[in-house]
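What follows is a single structure, written as structure tokens, with notes after it.
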Amino acid sequence: HTHTHTHRNRTTEKVVDDLMMMTNLCGALLLGVVGLLLGGTTPGGECLDNGLALTPPMGWLAWERFRCVVDCKTYPDTCISEKLFMSMADHLVADGYRDLGYVYVNIDDCWMSKQRDKSGRLQADPDRFPSGIKKLADYVHEKGLKLGIYGDFGNYTCAGYPGSEYNLELDANTFAEWGVDMLKLDGCYSEVKDMDTGYPAMSQFLNKTGRPILFSCSWPAYEVSRGVKPDYMRIRKYCNAWRNYGDIQDSWASVEGIINWYGVHIAEMTPASGPGGWNDPDMLIVGDFSLSYEQSRTQLAMWAVFAAPWFMSNDLRYISTEAKQLLQNKQLIAVNQDSRGVMGQKRDIPSITETNVEVWVRNITDVGQYAVAFLNLRTDLPYRFTVNISDLGFVNSLGYAFTDVFTHKNVPPYHWGMNDTFTTTVNPSGGVQFYIAYYSK
């Protein structure tokens, strides 16, 4: 979590002295150091070569909904415990999420004991995880799911549990031995300047285990919070996904703030997005307490436009039918999971002069097919968009048809030429209309 802390760790030379050159000579050096065949065709992919996250990862993550509740006597059903994660795994399977791609069950902060064991290894809290993480991983794997876990690059996690500073390799080996499939590495209690060597070091220690472990980095989020401009192409070399803004909260204001921040910074993030590496605007809060139905549609549509990881953070035991239907919308998922992995862009539409109304377009599948989001962030009235087809960046002279992603219906009059205008009305306070546009003669 990108909480603001007083950073108090020492430098990490002890951890990364022998890996300093790796940051510039990654592929060549690591052929010898790690003994792995590194390389690949994805941009910057020569360093992290685990074959994972070829499309944005999907699953469930505990933090936003369940935070750091550790009092299992008072809150037996919502505390951070093996019982909670087993229950969520059960629901991912029984309620149809797994078969749609939601395969990661991710533990976040507060799973650990406050002390490492006698061998210096991390250990789960014995009262809340009495079976241990290995048994939990086995349980999840038997259901056709994958287990994610949380660590921190600093000397403490954000909630004050043991961090991985000076123990990166030991912790990587521990996670691999447990059968972990994903690691989210936070950055509390560390120095931002150390992250340029520390995150690459952890990436290579994960590679060295020989177990494919999806690596989610909080590295650029801490750089952004300190006014440092991230080098996303370099970050991509070492991470499968990377947070680049503050933690999402259970509010529309939080979702809107993330959308607005992405709107400002999309150009610098886009080149690094693609198979194997993704910009992560944080968890989906659809199905929690705050979002209206319209706003829930908007978060999902915009996260699909962003080609972002989809990690739900909600209580699958009590989720509403409406929220479940949105999260299981196959056409929406197909846009998010499009194999090209190109991030959508905000279009400058000459006919729109008002503020807080936006049009986003994402290239999907073959050149010439698009996902189009009309977004209304105003707080007064529904807004009527009227745009020229040519202003959307479309290129096929034969024209286009539109399908509504939420109703699955084709939009009359069923064909638009390049000189035609498209009109749609969108509700205020975070409403969206989301379409697939495709070739039509």
Any side-chain donor near an acceptor of the partner, Ser429 and Glu294, under 3.5 Å: no
Between Asn336 and Trp303, a side-chain donor and acceptor under 3.5 Å: no
NZ or CZ of Arg297 within 45° of Phe434 ring axis and under 6.0 Å: no
From Thr55 atom OG1 to Arg340 atom CZ, the distance as rounded to the nearest 0.5 Å: 15.0 Å
Interatomic distance, Ile259 atom CD1 to Lys346 atom NZ [nearest 0.5 angstrom]: 10.5 Å
Output field: ring centroids [X]/[Y] closer than 6.0 Å:
X      : Y      : value
Tyr400 : Tyr438 : no
Phe402 : Phe422 : yes
Tyr238 : Tyr199 : no

Determine all donor-acceptor pairs shorter than 3.5 Å in which one atom belongs to a side chain in residues 352-360; sequence neighbours excluded.
residue : atom : partner : partner atom : Å
Glu354  : OE1  : Tyr383  : OH           : 2.8
Glu358  : OE1  : Trp360  : NE1          : 2.9

Partner residues of Trp178 under the ring-ring contact (aromatic ring centres under 6.0 Å, His included) criterion, sequence neighbours left out: Trp111
Under the ring-ring contact (aromatic ring centres under 6.0 Å, His included) test, residues paired with His265 that sit two or more places apart: Trp261
Under 3.5 Å donor-acceptor, Arg362 side chain and Val335 backbone: yes
Atom NZ of Lys135: over 12 foreign heavy atoms under 6.0 Å: no
side-chain hydrogen bond (donor to acceptor under 3.5 Å, both in side chains) partners for Trp60, two or more places apart: Asn314
Contact check, side chains of Pro428 and Pro382, non-hydrogen atoms, under 4.5 Å: yes
Contact list for residues 307-354, test ring-ring contact (aromatic ring centres under 6.0 Å, His included), sequence neighbours left out: none
Set of side chain to side chain contact (heavy atoms under 4.5 Å, CB included) partners for Cys68, sequence neighbours left out: Trp63, Val70, Cys110, Ala159, Tyr161
Test salt bridge (charged side-chain N to carboxylate O under 4.0 Å, His left out) applied to Asp282 and Arg243, step by step: CA-CA 7 Å; Asp282 212 4; Arg243 288 279 309 284; 3.4 Å; yes
Audit row: Arg211, Asp181, salt bridge (charged side-chain N to carboxylate O under 4.0 Å, His left out) steps and yes/no: CA-CA 8 Å; Arg211 179 174 182 82; Asp181 303 291; 2.7 Å; yes
